[in-house]
**Q** 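Structure provided below as structure tokens; questions to follow.
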Amino acid sequence: MESEAIIQIKNIHKHFGKVHALRGIDLNVSRGEVVLIIGPSGSGKSTLLRCINRLEEFDQGSIVVDGIPLDSAENINAVRTEVGMVFQQFNLFPHLTVLNNLTLAQRIIRKREKAEAEQIGMELLRKVGIPEKADCYPLQLSGGQQQRVAIARALAMNPKIMLFDEPTSALDPEMIQEVLDVMLALAKEGMTMMVVTHEMGFARAAADRAILMDGGQIIEQAPPNILFTNPKHERTKAFLSKVLS
Amino acid sequence: MQKTEKDNPNYGFHERIKQTDQWWLLVAIVVLLVILLTTFKPDPYQRILNFVVDGIWVTLYTTVISFTLVLILGLFGGLGRTSRNPILHGIASVYVEVIRGIPLLVQLIIWYFAFPAMVKDLGKAWNIEALATYKANPIVMAILGMTICYAAYMSEVYRAGIESIPKGQMEAARSLGMNYFQAMVHVILPQAIRVILPPIGNEFVTLLKDSSLVSVVAVADLTRRGREFMAANFIPIQTWLMVALLYLVMTLIAARAVTWLEKHSRYER
């Protein structure tokens with residue numbers, strides 16, 4: 001099992017100035033595994049996620065994604081094409097239509113023809129449930145619709161791994177479920193996912209493993225049902241009592 | 001069926017005027033003034049216009065050529081100013097700070113008088129015939145001087161535009177596998193240009209006016225032609241009224257064109 005790990009993180013350290021944001025993280029993620037990361041704000045969970053596709057540089061340690069070490073500029077771009085990322089603030093390209101948001105990187109990076117890229121784009125828009133918005137501009141959509149487009153945009157690159165950085169935190173409550181539904185479907189299809197979220201319903205339904213981070217370290221990890229009902233560590237108990245109540 | 005405002009038979013002249021850009025009215029008034037003056041007082045106004053008209057073309061084409069180059073050179077300056085590479089950032093910053101600190105008039109004089117003299121001295125010192133007999137072309141030197149000066153200002157405009165785009169846009173582009181330049185070309189710049197269209201338009205209008213400075217380096221632009229006419233005819237009031245009106249026509253039309261561009265480049269929401 002260990003040799004099959006698609007993400008191998010060894011002893012990652014990261015400083016922001018004087019703040020020691022990550023203090024020696026070791027983590028392996030298997031193919032098809034859905035890993036949930038929870039923890040108080042400032043615990044380093046977003047930073048860890050952003051290190052995996054090198055949006056954040058780390059000071060020490062190593063990360064290997066699908067056999068590619070994150071060391072050279074070429075390798076970093078290669079890893080990024082295999083790793084899709086979904087952001088809290090969606091970050092759709094406002095000057096492009098929804099469909100062109102989905103086709104831009106396909107055409108530049110995957111070198112697909114316009115017709116092929118658009119066909120893939122439309123299929124993904126149907127999958128996330130908003131094919132009728134193809135010709136709209138992102139700012140014409142609701143937050144939930146924008147986030148579904150953002151997921152489709154990442155999927156258009158046929159990633160092997162999807163990273164979700166608090167994908168529902170910027171959404172109005174009534175829009176959260178439509179985004180979680182798309183993520184649940186993705187998990188069922190066997191996508192390897194790392195998700196930073198506090199949506200416990202999603203965690204119970206889809207996650208294979210839940211990880212609690214605090215102070216830049218992994219405090220405890222277990223299947224979500226075990227971690228949530230029977231936490232061993234005091235800091236896990238303290239955090240869960242705040243989130244679950 | 002609900003009737004819109006336009007179905008109202010009383011929807012007439014005043015509403016239409018309100019809808020169109022009212023500043024066109026000012027353009028019309030100034031143009032009308034020029035036409036009235038040349039029609040009813042052809043002497044001296046038609047004579048002045050006939051004399052300076054080739055200067056209008058010189059002013060226009062030196063400005064347009066220079067501004068085109070400014071847009072290109074300024075982009076590289078702006079990319080340098082926002083670059084994390086210390087060498088590129090350093091070169092761009094020194095360029096901007098030095099050029100911004102010297103008046104355009106002085107820069108033009110340097111390019112037309114000091115630079116050729118330096119080339120000649122070097123030619124003599126190194127015995128290179130081509131350099132020793134070098135003679136500067138006034139139009140080329142004027143365009144060069146204006147371009148280098150205004151590209152420094154434009155670098156700052158581009159920098160502000162690039163920095164106004166949220167960091168998440170670059171991150172999203174990079175996370176999809178684009179490299180820095182692909183992300184710049186396809187994601188950041190198309191958005192930044194929309195933001196900086198008004199200041200770019202401002203720079204164009206300012207350059208159009210500042211191009212009158214090239215008259216001191218032997219370029220026969222509108223201002224120089226006006227001075228030549230005045231020297232021969234001694235009617236300063238009429239000459240400079242005409243020259244000022246002609247500049248006003250050009251700058252007002254340019255400003256309207258910028259407003260039109262702005263309106264037609266907004267995002268749909």
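By convention in this document, chain letters (A, B, ...) are assigned in the order of the sequence lines, proteins followed by strands, and residues within each chain are numbered from 1. Computed over heavy atoms, backbone and side chain alike; hydrogens, waters and symmetry mates excluded.
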**Q** Do Gln89(A) and Pro166(B) come within less than 4.5 Å of each other through their side chains, counting heavy atoms only?
**A** no
**Q** Measuring from atom CZ of Phe93(A) to atom CD1 of Ile165(B), what distance do you get when rounded to the nearest 0.5 angstrom?
**A**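 Reported value, rounded in 0.5 Å steps: 12.0 Å.
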**Q** From Leu104(A) CG over to Gln182(B) CD, what is the distance, rounded to the nearest 0.5 angstrom?
**A** 9.0 Å
**Q** Kindly check if the number of other-residue, nucleotide or ligand heavy atoms within 6.0 Å of CZ (Phe76(B)) is above 12?
**A**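 Not more than 12 within 6.0 Å, no.
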**Q** For the backbone of Ser175(B) and the side chain of Asn53(A), can you confirm whether one donor and one acceptor N or O come within less than 3.5 Å of each other?
**A** no
**Q** Do you know which of Leu163(A), Thr81(A), Leu55(A) has the most heavy-atom pairs with chain B at a distance under 4.5 angstrom?
**A**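 Looking at each option in turn, the highest pair count goes to Leu55(A).
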**Q** What is the minimum heavy-atom distance between Ala105(A) and Leu176(B), and which atoms define it?
**A**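 Minimum heavy-atom contact is CB-CB, 3.8 Å.
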**Q** Looking only at heavy atoms, what is the nearest atom pair of Arg174(B) and Arg80(A), with distance?
**A**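 For Arg174(B) versus Arg80(A), the nearest heavy atoms are O-CD, 3.0 Å.
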**Q** Heavy-atom cut-off 4.5 Å, strictly under: side chain, backbone, both or neither for Leu141(A) against chain B?
**A**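 Nothing of Leu141(A), per the 4.5 Å heavy-atom cut-off to chain B.
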**Q** Any chance CD of Glu57(A) has more than 12 other-residue heavy atoms, nucleotides or ligands included, within less than 6.0 Å?
**A**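 Atom CD in Glu57(A) is not packed in, count stays at 12 or less.
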**Q** What part of Arg54(A) is in contact with chain B, defined as an atom under 4.5 angstrom from a non-hydrogen atom: side chain, backbone, both or neither?
**A**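 For Arg54(A), no heavy atom lies under 4.5 Å from chain B.
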**Q** Please check if the side chain of His95(A) supplies one atom and the backbone of His186(B) the other of a donor-acceptor pair under 3.5 Å.
**A**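 Yes; at least one donor-acceptor contact below 3.5 Å.
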**Q** Between Gln106(A), Met85(A), Arg153(A), Glu82(A), which shows the greatest number of heavy-atom pairs under 4.5 Å with chain B?
**A** Arg153(A)
**Q** Can you tell which part of Phe87(A) gets under 4.5 Å to a heavy atom of chain B, answering side chain, backbone, both or neither?
**A** side chain
**Q** One pair to check against side chain to side chain contact (heavy atoms under 4.5 Å, CB included): Arg50(A) and Glu171(B). What are the steps and the verdict?
**A** CA-CA 10 Å; Arg50(A) 291 161 59 84; Glu171(B) 290 184 349; 2.6 Å; yes
**Q** Please indicate whether Glu74(A) has more than 12 foreign heavy atoms, meaning atoms of other residues, nucleotides or ligands, lying under 6.0 Å from its CD.
**A** no
**Q** Has Leu32(B) got more than 12 heavy atoms of other residues, nucleotides or ligands less than 6.0 Å from its CG?
**A** yes
**Q** Under 3.5 Å, is there a donor-acceptor pair between the side chain of Gln169(B) and the main chain of Leu92(A)?
**A**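 Yes; judged by distance alone, with no hydrogens or angles, the pair exists.
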**Q** With a 6.0 Å cut-off (strictly less than), is the heavy-atom count around CD of Glu132(A), excluding the residue itself, greater than 12?
**A**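 More than 12 within 6.0 Å, yes.
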